There are 2 protein chains.
Amino acid sequence: MTSQPAAALEGPPNPRRAEILGAAAELFARRGYHGVSIGDLGRAVGLTGPALYRHFSGKDAVLAEMLLDISERLLAEGVRRAADPDPGRALDALLHWHIAFALDNPALITVHERELDNVPEPQRHRIRRLQRAYVEEWVAVLRRLNPGLPAGRTRAAVHACFGLLNSTPRSAAGLDREAMGGLLHTMARAALEAVR
Amino acid sequence: MTSQPAAALEGPPNPRRAEILGAAAELFARRGYHGVSIGDLGRAVGLTGPALYRHFSGKDAVLAEMLLDISERLLAEGVRRAADPDPGRALDALLHWHIAFALDNPALITVHERELDNVPEPQRHRIRRLQRAYVEEWVAVLRRLNPGLPAGRTRAAVHACFGLLNSTPRSAAGLDREAMGGLLHTMARAALEAVR
DNA sequence: TGCCGATGTTAACGCTCGTTAACAACTCTA
DNA sequence: TAGAGTTGTTAACGAGCGTTAACATCGGCA
């Protein structure tokens, strides 16, 4: 048999796959999923287009695996941080986590935010469930911090907060990482505390 | 001669053009510029694809005119509102304006935020200049409100604030317009005031 | 040593894209 | 009423897309 480009079934961590996923993240973030061709993707890692099919079953499989991986990483660590019994500390821990992720992986955050609709249907549902679960971790922490806050209003506030935090890739101003992270933390915390 | 699908040269306000621009905004926002074909665009207004060339010189001209129009509207009213001698009132007026625009035109805000790179070069510069000028209106108001705030930090804060406000189309939760507008205003104002 | 799986290549496929050409219908107006 | 301009249609173009097929190379191992 040739290769088996199935899902991420935890074989030995194939470096070529990782390389392709990294390059694809940059390209998808910059030009959008439909603005990137298989040829572009191959060229970005020094290959021709069709070589990609040795590692993935198709273009949409690259996107699907990328989004699935992001969603799982965000949620897993989010659950861990939200578990702090002190809701104020839990919120700060969530903020630190999300900000660090966004600053370290601006392309991934952008793709995660924009391209879910281009994932084929079996996996799109799974990714959406993970994304929603991540949001609910934040919602739960906020409502522990501020009981009586309606769920709908809290969810809207969390989405707005993500909009603020995920703006990093678009601004990326002259500020260094530490200054930018501190600014985002300060603003997001203040924004969420203002919700009553 | 046939028609002259040049830029927006202020003839009588052609309703077909406006109809196409409106449909294009929805489609570009939902699927991205490259995810929408000329055929899709025509079909959305009850025409065939090639009919579009009676009104625009090409697909990119639709996007360019759309972004130019948004940028001009945002800036014109932004300048007006930022002129309030009281910087606190000016900031509230800017917030009201941007929030109202985002709530009333979620598709436009999304396209404005994402698709500038797909505008061909003569007009991209103009749009970018307008966008920057709009940001600078906000920056100036914030620095009147808080003298001594470094320009770079202020600009980053404004971009983060836009990320918060422009999240509306993505969340669009069960909240009604008034509740959503109030929430965004509260959060954005608190986020900006926290910047020191 | 000879084979086999893994990982590349080039060539070719069917399809869709943006765009243009050629033509038809309708509305004004001279 | 003839003619011109406007706005639509269908047909056709060349290019590029995602994908598959056929073949080459190379390393590890019976």
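Residue numbering restarts at 1 for every chain, and letters A, B, ... go by the order of the sequence lines. Please read all numbers here as calculations on a predicted model, not as lab measurements. Only heavy atoms go into these numbers, but all of them, side chains included; no hydrogens, no water, no symmetry mates.
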### Message
Please confirm whether the shortest side-chain N or O distance from B:His34 to OP1 or OP2 of D:dC17 is below 4.0 Å.
### Response
no
### Message
If you compare every side-chain N and O of A:Ser37 against the phosphate oxygens of D:dC17 (OP1, OP2), does one of them come in below 4.0 Å?
### Response
yes
### Task
Taking only the side-chain heavy atoms of B:Ile38 (C-beta and beyond), determine which of C:dG8, C:dG18, D:dT7 contains the nearest atom.
C:dG18
### Task
Give A:Gly58 one of three labels, base, sugar-phosphate or nothing, depending on what nucleic acid heavy atoms sit under 4.0 Å from its own.
sugar-phosphate
### Query
Contact class for A:Val36 vs. all strands (heavy atom < 4.0 Å): base, sugar-phosphate, or nothing?
sugar-phosphate
### Message
I want to verify a distance call: between C:dC23, C:dT7, D:dT10, whose nearest atom is closest to the A:His55 side chain?
### Response
C:dT7
### Query
What integer distance in Å separates B:Arg54:CZ from C:dA22:C1'?
10 Å
### Message
How many whole angstroms separate atom CG of A:Leu52 from atom C1' of C:dT9?
### Response
14 Å
### Query
In whole angstrom, what separates B:Glu19's CD from D:dT7's P?
13 Å
#### Entry: Under 3.5 Å: donor-acceptor pair, side chain of B:Arg124, backbone of B:Val119
yes
### Task
Starting from C1' on C:dT7, measure out to CZ on A:Arg17 and report it in whole angstrom.
14 Å
### Query
What class does the angle between the rings of B:Trp138 and B:His98 fall in, given that below 30° is parallel, 30 to 60° is tilted and above 60° is perpendicular?
perpendicular
### Query
B:Asp40 has an atom CG; how far is it from atom C1' of C:dG18, in whole Å?
12 Å
### Message
Among C:dT9, D:dT19, C:dT19, which nucleotide has an atom closest to any side-chain atom of A:Lys59?
### Response
D:dT19
## Note on the structure
Considering only heavy side-chain atoms of B:Pro50, the closest of D:dT20, C:dT7, C:dT19 is C:dT19
### Query
Over how many whole Å does the gap from A:Leu63 atom CG to D:dG18 atom P extend?
13 Å
### Task
Nearest 0.5 Å please: distance from the OH atom of B:Tyr33 over to the CZ atom of A:Arg31.
14.0 Å
### Query
Just to confirm, is there a sub-4.0 Å distance from OP1 or OP2 of D:dG8 to any side-chain nitrogen or oxygen of B:Arg16?
yes
